Amino acid sequence: MLRTLSIRDMLLIDRLELELRAGLNVLTGETGAGKSILLDSLGFVLGWRGRAELVRQGAERGEVEAAFDLAPDHPARAILEEAGIPAGDELLLRRVNTPDGRKTAWINDRRASGEILRRVSDTLVELHGQHDDRGLLDPRGHRRLLDEFAGAGAALAEVRAAWTARAGAERRLARAAEALEAARAEEEFLRHAVGELDALDPQPGEDAELDTRRRRMQAAERVREDILRAHQALGLDGAEGVLTDAGRRLDAAAPGVEGALDAPIEALARAMNELAEAEQGVAAALDALDDDPSELERVEERLFAIRGLARKHDVLADELGTLAGELRARLAALDAGENDIAEMRAELATAEETYAAAADRLSRIRSEAAGRLDTAMAAELAPLKMERAVFSTEVTPADPGAEGRDAVEFRVATNPGAPPGSLGKIASGGELSRFLLALKVCLTGEAVGLTLIFDEIDRGVGGATADAVGRRLAALAEGAQILVVTHSPQVAARGGHHWRVEKRVADEVTTSTVTSLGRGERVDEVARMLAGDTVTEEARAAARSLLGA
């Protein structure tokens, strides 16, 4: 509920403090007194689109502040929490405008963007009038209004969930079908590549091992002859035979020289031992080089095959095993793809059936609620002197979506036999006002937590019709806060709280003021509305009658 509205230096308003209350609040005043300025200022602090120049001439800036009572379950709280703005029992909106057009907004003393301000204000205040393009005249919102009238929240949530599941199944099927199609395009390559890799079966580290063996065998061919000659030089036909012969000769000569050859004989024995060890080592080396001549060819053939396959697939030799696993997986996915696609098609069919069932239930709820709304509207239009008008809620098929597969539009026919048309195009000004009022009364549940503003919604009607409008507004105000700008005395007399807007000139400066009226002042104001410039006692008597009714 809007509790206070404070305006500083906006258009013709110098300083204004307005304290509003629950129930029906009426604002009256002569044409041009500033009622529209008051609404422009309220729209400014709420972030609505409006006049570009709002700052009072000569002022440094204009400022509007609005304080709202916020219930614990008010929908504005979710928006504030999402924006990181603390929310208590009071919500304070403040917005400043400078002469150069710069605008700054605060919510509970926190800077706020225009988007956040508008989202919050949409949960706080709703404006209705002959040029209403934000609310009931916008066909894009009719489905939502019908759903709220029908109490279709649970059914709508079920449809949204089913649509999300269906869309997910459709996306998964599309991705799988695309992947399968891509796999089919390379099936021949995959089967050939996997066959090559399986036939070769390269092992991790095998390339390095084969390369080492190849280089060793190539080196062996070059050194084998030299090692063989060295082995022959060390054997009996070479150094071993010479040293053996020298040893026999020294052994034979040793007794004749009485120990002079002992040391040379011992040294020669040691040399023989070293020679024998060297000969054994050279023999072992020859044995190691004694490979199958065809082994080098086999090693080179496999090494070149591995490296050729690695170049073909542009990977390292040691990555061929990993590549083979990846290609096998892609081939397996291709082989299993048809089964997967079939399962996904079945999943999508199930999701579509679930969505269709949920959407059908929601359509039935909407159709039933449309009939109830039309009946309720007929009951409301009769007291508003529009008993011959026909209001219809059209529920027609639409493309499936998260909100179901229905389009909803409120249509009217103002004369018998005339074809129905869109609410905003068929009805005249006065008729439109009454249609909007009747519709709002029927959709009262949608107004929970809102301050409703009706801007001259009674224009074009008078007498008993104006009285019926006043009664409907008063009934609507029993469960909500209503602010009505009116020129109708019958409507003004129904108000629980009454303010008069008037224009004053002081020191050649024109300002608009708003005055709260007591009982006697209300009599004079309603009498003025009845009689015009000259207020007679008869007008006052009529005013007292209206106010006492």
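Numbering starts at 1 and runs along the sequence shown. Keep in mind the model is a prediction, meaning the values are calculated, not measured.
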*Quick one: do Glu368 and Arg372 make a salt bridge, cutoff under 4.0 Å?*
yes
*asked:* Quick one, Leu146 and Asp406 - any side-chain contact, counting heavy atoms below 4.5 Å?
replied: no
>> A side-chain contact here means heavy atoms from C-beta on lying under 4.5 Å apart; do Asp198 and Arg328 qualify?
In response: yes
Between Ala356 and Arg405, the two heavy atoms sitting closest are O-NH2, 3.5 Å
Quiz item: Heavy-atom count around Asn273 CG within 6.0 Å, excluding the residue itself: above 12?
Solution: yes
Check: Is any side-chain heavy atom of Asp40 less than 4.5 Å from a side-chain heavy atom of Trp48?
Finding: no
request  = Without swapping roles, check the side chain of Gln481 against the backbone of Leu2 for a donor-acceptor pair under 3.5 Å.
outcome  = yes
Taking CG in Asp237 as the centre, count heavy atoms belonging to other residues, nucleotides or ligands within less than 6.0 Å. Is the count above 12? no
On a heavy-atom basis, the closest approach of Val45 and Ala66 is CG1-CB, 4.0 Å
Decide yes or no on salt bridge (Lys or Arg N to Asp or Glu O under 4.0 Å) for Arg248 and Asp245, but give the supporting numbers first.
-> CA-CA 5 Å; Arg248 284 197 304 268; Asp245 184 61; 3.2 Å; yes
*Less than 4.0 Å between a side-chain N and a carboxylate O, is that true for Arg77 and Glu81?*
no
request  = Determine whether Phe149 and Thr393 make a side-chain contact, defined as any pair of heavy atoms from C-beta on separated by less than 4.5 Å.
outcome  = no
* Asked: Below 4.0 angstrom, N of the basic side chain to O of the carboxylate: do Glu178 and Arg175 qualify?
  -> no
For this session: Answer yes or no: is there a donor N or O on one side and an acceptor on the other, between the side chain of Tyr355 and the main chain of Gly401, under 3.5 Å?
Result: yes
task: Look only at the side chain of Arg213 and the backbone of Glu295, and say whether a donor-acceptor pair between them is shorter than 3.5 Å.
output: no
message = One pair to check against side-chain contact (heavy atoms from CB on, under 4.5 Å): Val96 and Trp106. What are the steps and the verdict?
response = CA-CA 9 Å; Val96 172; Trp106 290 264; 3.7 Å; yes
To the nearest 0.5 Å, atom CD1 of Ile306 lies from atom CD of Glu301 at 11.5 Å
Open item on the list: Keeping Arg302 on the side-chain end and Leu200 on the backbone end, is there a donor-acceptor pair under 3.5 Å?
Closed with: yes
d(Leu316 CG, Thr322 OG1) to nearest 0.5 Å is 10.5 Å
Rounded to the nearest 0.5 Å, the CG atom of Leu91 sits from the CE atom of Met1 at a distance of 13.0 Å
Show the numbers, then the answer: is there a side-chain contact (heavy atoms from CB on, under 4.5 Å) between Leu70 and Leu124? CA-CA 9 Å; Leu70 211 59; Leu124 299 170; 4.1 Å; yes
To the nearest 0.5 Å, atom CG of Leu20 lies from atom OG1 of Thr4 at 8.5 Å
Smallest heavy-atom separation, Asp318 atom then Gln203 atom, equals OD1-O, 4.4 Å
For Val299 and Leu210, the nearest pair of non-hydrogen atoms, with its separation, is CG1-O, 3.5 Å
Q. Is there a donor-acceptor pair under 3.5 Å between the side chain of Asn108 and the backbone N or O of Pro86?
A. yes
Separation between CG (Leu303) and CG (Asp207), nearest 0.5 Å, reads 5.5 Å
The residue among Glu343, Met344, Glu347 that forms side chain to side chain contact (heavy atoms under 4.5 Å, CB included) with Leu173 is Met344
Under the side-chain contact (heavy atoms from CB on, under 4.5 Å) criterion, do Ser363 and Val395 qualify, and how do the steps go?
-> CA-CA 8 Å; Ser363 295; Val395 181; 5.8 Å; no
Mind checking whether Leu373 and Cys442 have side chains closer than 4.5 Å, heavy atoms only?
yes
**Residue Asp100 excluded, over 12 heavy atoms near CG under 6.0 Å** = yes
* Going through the checks in order, is the salt bridge (Lys or Arg N to Asp or Glu O under 4.0 Å) test met by Arg215 and Asp211? -> CA-CA 6 Å; Arg215 284 187 284 105; Asp211 186 61; 3.1 Å; yes
message = Within a 6.0 Å radius of atom CG on Asp201, are there more than 12 heavy atoms belonging to other residues, nucleotides or ligands?
response = yes
**Asked** Any donor-acceptor pair under 3.5 Å linking the side chain of Ser121 with the backbone of Gly47?
**Response** no
Let me check something: any side-chain donor-acceptor pairs from residues 153-160 under 3.5 Å, sequence neighbours excluded? List them with distances.
unit_1 : atom_1 : unit_2 : atom_2 : d
Glu158 : OE2    : Arg361 : NH2    : 2.2
Arg160 : NE     : Glu403 : OE2    : 3.1
Arg160 : NH2    : Glu403 : OE1    : 3.1
Arg160 : NH2    : Glu403 : OE2    : 3.2

One should read off an interatomic distance between Leu80 CG and Thr123 OG1, to the nearest 0.5 angstrom, of 7.5 Å
Scanning both residues in full, the closest heavy-atom pair of Leu348 with Arg166 reads CD1-O, 3.7 Å
Hey, does Leu439 have a side-chain heavy atom less than 4.5 Å from the side chain of Leu145? no
In short, Pro202 meets Leu320 closest at the heavy-atom pair CG-CB, 3.7 Å
**Request:** For the pair Phe410 and His142, name the ring-plane relationship: parallel under 30°, tilted 30 to 60°, perpendicular over 60°.
**Result:** parallel
* Does the side chain of Ser392 pick up a donor-acceptor pair with the side chain of Asp374 at under 3.5 Å? -> no
| said: Using a strict threshold of under 4.0 Å (side-chain N to carboxylate O), is an ion pair present between Arg118 and Asp122? | reply: no
